[in-house]
Asks: 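Take this structure first; my questions come after.
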There are 2 protein chains.
Amino acid sequence: MTEERPGPRGRGPALQRRARASHSIEAVLAGAVEILDESGAQGLTTRALAARLGGGPASIYWYVSGRDELLDLAADSVLGGVLVAVAGVGEDGAGDPIADLRTIAVAMFDAIVDRPWLGAYAMRDTGRQVHSLQLYEKMGEQVMRLGLTPTQCFHATSAIVGFVIGTAADMGQQLPAAVASGSVTRAEYLGGAVAEWRRLDPAEYPFIHHIVDEFAVHDDRDQFRAGLDLLLDGLRLSAQR
Amino acid sequence: MTEERPGPRGRGPALQRRARASHSIEAVLAGAVEILDESGAQGLTTRALAARLGGGPASIYWYVSGRDELLDLAADSVLGGVLVAVAGVGEDGAGDPIADLRTIAVAMFDAIVDRPWLGAYAMRDTGRQVHSLQLYEKMGEQVMRLGLTPTQCFHATSAIVGFVIGTAADMGQQLPAAVASGSVTRAEYLGGAVAEWRRLDPAEYPFIHHIVDEFAVHDDRDQFRAGLDLLLDGLRLSAQR
DNA sequence: ACCTGAACACCGTTCAAGT
DNA sequence: ACCTGAACACCGTTCAAGT
């Protein structure tokens, strides 16, 4: 589909001066990921990306159909890294399928926690996101080893993927104006929420008061893993029946 | 916090002619929800909302701080309806806590499936979304009845909420250009994905081929409930230990 | 084949001014 | 207290033109 083009990779950038900028789909996505990491989805504008690549805002449209595809492909390129990281998991088919499933899910989650913008665009459109499709496939292969029906396999795999990206997206967007302005840290923001919760009427909000101390000191990764284990326990149970 | 204002509610709108438009926070949110239902989050612009309310684009800023808060409050106003619908669930404390939990979760999910835009803004900021907080509280109260530790309660409730809105958001955004253009129906879009999946190499994508027939005929609500039951099975198990 | 520059239509937000 | 109108700064996308 895409032909080889002499991009900025492979040889020193100072070999020849050029009046016109020259990109590649890899360079475009790498630049997009850089901007996303620095300033989130809101910061990824056509003009900001073009400026980083050293060209005009219209040049990007040669590589992607628009901003939406750009975000999808940028997210998927990051998931390619996750795929590499878990390449060996479950390949021999010897270990516990559920443990392997857990390893892959945790790797995905960690990637999204590191990059809060990723949650909203990961695994959105398998038609254009190859790595997303391959991660879905890989998790599904572990589920297949449990000897369930195709319908059960489909439901279980979709549930795990939904839980991973849902939880991660939720945690990633928990900081509203904090990220943008940078005026308040995550700890300060959570502290503010905790203070508000403590001020609620205990008769009306018994549960909130029951867990607020835990919430105040909680770690997102622990919280995710605890939920994932509930889901996997349920899956193991249905595999035993 | 907000004082009573004579809005368009309560009496006929033709009682007195007025040169200036007159809103209320309720009217603003109702208008926002209408637009969101018709054309999604992308369609909710300041100008479109102002036009529907019959005023200038700046008038909205008297009621909300900006577009972000508008979306949060519009989403939360819909969740208020869910809260009313499940008002009686679990109140007597007699039924099975997990069955009650399930009822609430399904009600939430159904509301988001009916309104795909809702997934991205539900339960985002409990500081400004009262109904989201109250739904979280209500689900948590059912979990509390299982006799777990506060930490376990926190983890379980968060997991269920994360699964509900994560899965719902995922399903809500599955139609990229279809919603916007209206040129393709959901069935056609899914059919296209199915055809693509069938064309994949079976040696490389055994799982996809294993489930594609199920995917082709699947129902989102069934899929959600199956996943939710896995999670609830796991929770029941941890309550028995 | 790939990039440029300028333009178009549109958007969120602000603000002085009105009532 | 609440709304208006116009303006500002910015954005995604297009397109004729260049190389």
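Quick caveat: nothing in here was measured; it's all calculated off a predicted structure.
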Asks: Hey, are B:Gln223 and A:His155 close enough side-chain-wise for a donor-acceptor pair under 3.5 Å?
Replies: no
Asks: Check whether any side-chain N or O of B:Tyr63 sits under 3.5 Å from a backbone N or O of B:His23 as a donor-acceptor pair, and report yes or no.
Replies: yes
Asks: Quick one: does any side-chain atom of B:Ser77 pair with a main-chain N or O of B:Ala74 as donor and acceptor, under 3.5 Å?
Replies: yes
Asks: A:Ile25 has an atom CD1; how far is it from atom P of C:dA1, in whole Å?
Replies: 17 Å
Asks: Does a side-chain N or O from A:Ser22 land closer than 4.0 Å to OP1 or OP2 of C:dC2, or not?
Replies: no
Asks: Is the closest side-chain donor-acceptor distance between A:Tyr121 and A:Gln129 under 3.5 Å?
Replies: no
Asks: Which label fits B:Phe163 and A:Phe163: parallel for a plane angle under 30°, tilted from 30 to 60°, or perpendicular past 60°?
Replies: tilted
Asks: Produce a footprint string for nucleotides 9-19 of chain C: one letter per nucleotide, 5' end first; B if the base is under 4.0 Å from any protein heavy atom, S if only the sugar-phosphate is, - if neither.
Replies: --BBBBB--B-
Asks: Check the distance between C:dG5's P and A:Trp62's CH2 and give it to me in whole angstrom.
Replies: 18 Å
Asks: Show every salt bridge (charged side-chain N to carboxylate O under 4.0 Å, His left out) that has at least one partner inside residues 191-201 of chain A, sequence neighbours left out.
Replies: A:Arg198-A:Asp213
Asks: Check whether B:Lys138 reaches the backbone of B:Ala87 with its side chain - one donor and one acceptor, N or O, closer than 3.5 Å.
Replies: yes
Asks: Give the rounded distance in Å between these two atoms: NE2 of A:His23 and P of C:dC2.
Replies: 12 Å
Asks: According to a 3.5 Å limit on both distances, what stems of 3 or more consecutive Watson-Crick or G-U pairs are formed with DNA chain C?
Replies: C:4-8 with D:12-16, C:12-16 with D:4-8
Asks: For B:Phe224 and B:Phe109, take the angle between the two ring planes, folded into 0 to 90°, and tell me which bin it lands in: parallel under 30, tilted 30 to 60, perpendicular over 60.
Replies: parallel
Asks: How close or far is atom P of C:dC3 from atom CG of A:Leu49, stated in whole angstroms?
Replies: 12 Å
